[in-house]
Amino acid sequence: MATFELYRRSTIGMCLTDTLDDMVSSGALSPELAIQVLVQFDKSMTSALEHQVKSKVTVKGHLHTYRFCDNVWTFILTDAIFKNEEITETINKVKIVACDSKLLETKEE
């Protein structure tokens, strides 16, 4: 299963990476095993978001910056409003990174 390493930059991904770095530094974990844990994290996040998340969100805001590089879209929105069936949330500034999931399919072949 091919994956993006995109989720490593999330809060939970950064905490996992910091913890693994500490464990490798203290000798509690080998660097090879730490890499295996990160690869499994990438696979698990991709699978969980694909199969377990069913809600949809509508996003509206002012487009501050956009970029398309290496098949990855990056959008920076200001005064963004996120809406789903239950809640509406306004955020001053948000960065959205979007990757084409079809790129994962071509890597698997």
Listed pairs under 3.5 Å, donor-acceptor, residues 83-94 side chains, sequence neighbours left out:
residue: Asn84; atom: OD1; partner: Glu86; partner atom: N; Å: 2.8
residue: Asn84; atom: OD1; partner: Ile87; partner atom: N; Å: 2.8

For a quick test of your reading: what N or O donor-acceptor pairs under 3.5 Å do the side chains of residues 52-75 make, sequence neighbours left out?
residue: Lys54; atom: NZ; partner: His51; partner atom: O; Å: 2.9

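When all heavy atoms of Pro31 and Val24 are compared, the closest pair comes out as CG-CG1, 4.0 Å. Pairing each heavy atom of Met45 with each of Tyr7, the nearest pair is CB-CD1, 3.7 Å. Closest non-hydrogen pair, Ala34 versus Leu20, comes out as O-CD1, 3.7 Å.
Pairs passing the side chain to side chain donor-acceptor pair (under 3.5 Å) check and including a residue from residues 9-29, sequence neighbours excluded, do not occur.
Linking ILVMFWY residues whenever their side-chain heavy atoms come closer than 4.5 Å, directly or via other members, leaves Leu49 and Phe82 in distinct clusters.
At most 12 heavy atoms of other shown residues, nucleotides or ligands fall within 6.0 angstrom of atom CD1 in Ile12.
One distance of note links CD of Gln40 with CG of Leu33; it measures 11.5 Å at 0.5 Å rounding. Rounded to the nearest 0.5 angstrom, Ser30 OG and Met23 CE are separated by 10.0 Å.
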